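Have a look at the structure below, then the notes.
Since this is a predicted model, take the numbers as computed values, not measurements. Below, each value reflects all heavy atoms present in this structure, side chains not excepted, and no hydrogens, waters or symmetry copies.
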Amino acid sequence: MQKLLPGILAMAATVVASNILVQFLFGQWLTWGAFTYPIAFLVTDLTNRLYGVHAARRVVFAGFAVGVLCSLIGTQIMGEFGPLVTWRIAIGSGVAFLTAQLLDVAVFDRFRAGAWWRAPLVSTLIGSSVDTALFFTIAFSTPLAGLEPGNDVSWANESLPLLGFGPALPLWVSLAVADWGVKLLLALVALLPFRMIVGKLSARIA
């Protein structure tokens, strides 16, 4: 358990920071949380490479527990427009995190024996895509409004050009596409620290 403590702490810090930063806009289509949340995939992949599948799952479940706690606290704190975290966002966040991270772990293990970059890149790309699709669909789509009937998300379903210049789609689709794009970009950027950290820590573990 002690060897996993750095990973658990890093995952917990990432989840807490992302829950806070998601409340602050970065431009028109993003929040600051979009830039911190992908670190969770890096933490999972590092743990998977260094200590294996079971260890990576333990880190994921620890992050999930922290995320649930943050969401529950957020639902009880009232902001200018209501709770800081709505139940739909809490459900979407939890389902997306757990599904995407566990999928990341499984895909990483499937490609473990290939080139060093293949497992972290493929697993993060797949996990990030699933995470974005699940979160934004659950949190904002009209068909799932029954999850929280009292939560008005009509603002997210306003029909606007995709990212300001594409076909007219609900606003939440633009938010999802922008979020997904950042995750894909950071999946590539994260390959460098992944390579460096694995090389350094593998020598110590050996």
Side-chain angles (χ1 to χ4, degrees), residues 6-22 24-53 55-57 59-60 63-64 67 92-93 95-137 139 162-166 169 172-203 205:
I8 291 173
L9 292 177
M11 181 66 82
T14 300
V15 170
V16 171
S18 298
N19 272 271
I20 294 172
L21 293 174
V22 74
F24 301 97
L25 289 174
F26 177 84
Q28 189 174 1
W29 311 109
L30 293 168
T31 70
W32 282 102
F35 298 95
T36 56
Y37 181 76
I39 296 173
F41 290 98
L42 175 61
V43 173
T44 301
D45 290 348
L46 284 170
T47 305
N48 205 340
R49 173 62 75 191
L50 294 169
Y51 302 113
V53 173
R57 289 191 182 122
V59 170
V60 167
F64 177 71
S93 177
V95 170
F97 178 88
L98 194 59
T99 303
Q101 291 293 327
L102 292 178
L103 181 60
D104 178 279
V105 171
V107 173
F108 187 103
D109 191 53
R110 171 66 178 79
F111 290 94
R112 180 185 299 276
W116 70 267
W117 53 267
R118 188 175 301 164
L121 182 60
V122 174
S123 64
T124 300
L125 291 179
I126 293 175
S128 295
S129 300
V130 170
D131 182 273
T132 295
L134 284 176
F135 172 74
F136 283 93
T137 301
L162 180 65
L163 297 177
F165 57 85
L169 292 169
W172 69 266
V173 177
S174 288
L175 300 178
V177 171
D179 179 85
W180 181 63
V182 170
K183 285 176 180 172
L184 297 189
L185 176 61
L186 292 183
L188 294 173
V189 173
L191 288 176
L192 179 58
F194 176 88
R195 180 67 165 171
M196 294 174 61
I197 295 171
V198 167
K200 184 174 295 187
L201 294 184
S202 294
I205 294 172

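- For residues 110-127, every residue pair satisfying the salt bridge (Lys or Arg N to Asp or Glu O under 4.0 Å) rule, not counting sequence neighbours, is listed here: Asp109-Arg112.
- The closest donor-acceptor contact from the side chain of Thr36 to the backbone of Gly33 lies under 3.5 Å.
- Using bins of under 30°, 30° to 60° and over 60° for the plane-to-plane angle, the ring pair Phe41/Tyr37 lands in the perpendicular bin.
- Phe35 and Phe26 have perpendicular rings, their planes meeting at more than 60° on a 0 to 90° scale where under 30° would count as parallel.
- The OG atom of Ser93 sits 11.0 Å away from atom CG of Leu134, with the distance rounded to the nearest 0.5 Å.
- Taking each heavy atom of Pro38 and Leu186 in turn, the nearest pair found is CG-CD1, 3.7 Å.
- Atom CZ of residue Phe111 and atom CD1 of residue Ile126 lie 6.5 Å apart, to the nearest 0.5 angstrom.
- Separating the CZ atom in Phe136 from the CH2 atom in Trp172 is a distance of 9.0 Å, to the nearest 0.5 Å.
- Listed here is the closest heavy atom pair of Leu163 and Ala178: CD2-CB, 4.0 Å.
- Annotation for Ser174 and Leu162: closest pair OG-CA, 3.4 Å, computed over non-hydrogen atoms.
- You'll find the side chain of Phe135 stays beyond 4.5 Å of the side chain of Val95, heavy atoms only.
- Remark: Ser128 pairs with no residue by the side chain to side chain donor-acceptor pair (under 3.5 Å) rule, at least two apart or across chains.
- Residues passing the side-chain contact (heavy atoms from CB on, under 4.5 Å) test with Trp117, sequence neighbours excluded: Ala115, Leu121, Leu191.
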Side chain to side chain contact (heavy atoms under 4.5 Å, CB included) between Val15 and Phe97: does it pass, once the steps are laid out? CA-CA 10 Å; Val15 170; Phe97 178 88; 4.1 Å; yes

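- Arg49 places a side-chain heavy atom less than 4.5 Å from the side chain of Phe194.
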Would Asn48 and Val53 satisfy side chain to side chain contact (heavy atoms under 4.5 Å, CB included), going step by step from the backbone distance to the final call? CA-CA 5 Å; Asn48 205 340; Val53 173; 3.8 Å; yes

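- Within the structure, every pair that satisfies the salt bridge (Lys or Arg N to Asp or Glu O under 4.0 Å) test and touches residues 172-186, not counting sequence neighbours, is listed here: Asp131-Lys183, Asp179-Lys183.
- For the side chain to side chain donor-acceptor pair (under 3.5 Å) test, no residue two or more places apart in sequence or in another chain qualifies with Thr31.
- For Met11 against Thr44, the heavy-atom pair with the smallest separation is CE-OG1, 3.2 Å.
- We find the OG1-CG distance between Thr124 and Leu42 to be 7.5 Å, quoted to the nearest 0.5 Å.
- Atom CG of Leu50 is separated from atom CG of Leu201 by 5.5 Å, given to the nearest 0.5 angstrom.
- When every heavy atom of Leu125 is checked against every heavy atom of Ala187, the shortest pair comes out as CD2-CB, 4.0 Å.
- For the side chain to side chain donor-acceptor pair (under 3.5 Å) test, residues two or more places apart in sequence or in another chain that qualify with Asp104 are Ser123.
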